[in-house]
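Counting begins at 1 with the first residue of the sequence. Atoms within a ligand are numbered from 1 in the order they appear, just like the ligands themselves.
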Amino acid sequence: MPTLAQVLEQRTAAAAPELVEPIDRGRIRCYSCGHECPIPEGAVGVCKVRFVRDGTLHVPWGYVGGVQCDPIEKKPFFHAHPGALAYSFGMLGCDLHCSYCQNWVTSQALRDPRAVSPPLEASPQALVTDAKRLGARVVVSTYNEPLITSEWAVAIFKEARAAGLMTGFVSNGNATRRVLDYIRPHIDLYKVDLKSFDDKHYRQLGGRIEPILFTIRTLHEMGIWLEIVTLLIPGFNNGADELKRLTEFIASVSPFIPWHVTAFHKDYRMSDPENTTPEMLMEAAAIARASGLRYVYAGNTPGRVGDLENTRCHNCSTLLIERYGYFISAYRLTAEGTCPGCGTAIPGRWSRQFDGQIASTPFLPGTRRLRTL
Ligand code: SF4
């Protein structure tokens, strides 16, 4: 019985030329994420899914770790086609190793023997056909870190764009200039997890803060629609000073970038901190408002955070979108994406009309199951 790593070794393609550079002593530098690993012959990168063999950097290809249909609000994107169905695929592996990861079965599949997630054979055509069949409007690479499988995501996104669908990444933001330039022509939406504003915390998770801040600035400059999420973990990143610096940084890039502060629940190997309370989320939201952010949302605690699930016009406070969890209960933007009260353009990517929701809770695609490898 082959191991998961042995199965995946057979499912690769050569890395995109834009994302590799031969360096000294026969090594190849990978630029698909902020680690920029110098990989010798026969070795793997930190993510464990990209490896050098016979002088070529091999990257994941031809499978998914899983597929799920999510309301776009779950990603979360609150300013991009509310109510749309996001056909969401994950790969395996990650370049960080957060002990509280809520997708650890896929993200840590090659690092943690308890994380078992059999991959499924897939092609861009089959995935996009399935997405269209289900009425999805967006195809999203999520559940593990999409940057480490950028070539495969771009192949799927080309097919999705050709079929009239939008595309997105749900990412930790540990990118490089090269990978952002590489995905830029093919991507519409990007969510960055800004996990902390302390480099020491990032190093505990296996990264550094600077590449993440670079990614946020660059995505905004590039005009890719960006929303940012911070999972609020008591005792880890909920200090008032850290939250002030974090939200002031986002506001310095643009006060109109939506910031979602979401509730931690005990998971994976991080079981010490208490769960985040709605009051903690509301305190963090107040700090964000004071920092100048105009669109602040609290997540993972439906109905318990006052107005912090709704969208209000940043100019006149007219209630534009009402939500309960992922469910859209009212939608009042104009066809032009403006406030009906004062005519202000609301930042985001809006449809001309609200088409209702196919689902306000996630579901599995069902009938046409992909073959397990
Ligand atoms: S994706 Fe990141 S972790 Fe993986 S090999 Fe490339 S630089 Fe290293």
Measure from atom 6 (Fe) of ligand 1 to each N, O or S atom of Cys47 and report whether any distance is below 2.8 Å.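 No N, O or S atom of Cys47 is closer than 2.8 Å to atom 6 (Fe) of ligand 1, so no.
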Give the atom numbers and elements of ligand 1 that come within less than 4.0 Å of a heavy atom of [X].
X	answer
Ser32	1 (S)
Glu36	7 (S)
Cys30	1 (S), 5 (S), 6 (Fe), 7 (S)
His35	3 (S)
Gly45	5 (S)
Ile39	5 (S)

Can a side-chain donor-acceptor contact be found between [Y] and [X] if the only test is distance below 3.5 angstrom?
X	Y	answer
Glu227	His260	yes
Arg323	Thr311	yes
Glu145	Ser171	yes
Lys75	Ser88	yes

Starting from the C-alpha separation in whole Å, work towards a yes-or-no answer on side-chain contact (heavy atoms from CB on, under 4.5 Å) for Glu322 and Arg332. CA-CA 9 Å; Glu322 288 179 56; Arg332 302 193 183 94; 2.8 Å; yes
In terms of residue, atom name and distance, what is the protein heavy atom nearest to [atom]?
atom	answer
atom 2 (Fe) of ligand 1	Cys33 SG, 2.3 Å
atom 8 (Fe) of ligand 1	Cys37 SG, 2.2 Å
atom 1 (S) of ligand 1	Arg50 CD, 3.4 Å

Please work out whether the ring planes of Tyr295 and Phe256 are parallel, tilted or perpendicular, with thresholds of 30° and 60°.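 Aromatic pair Tyr295/Phe256 classed tilted.
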Close aromatic pair by centroid cut-off 6.0 Å: Phe157 and Phe169: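 So the answer is yes for these two rings.
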Is Val49 touching ligand 1 with its side chain, its backbone, both, or neither, if touching means heavy atoms under 4.0 Å apart?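 For Val49, no heavy atom sits under 4.0 Å from ligand 1.
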Quick check with a 6.0 Å cut-off and a 45 degree axis cone: is Arg245 positioned over the face of Phe197's six-membered ring?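 Here Arg245 fails the 6.0 Å and 45° test against Phe197.
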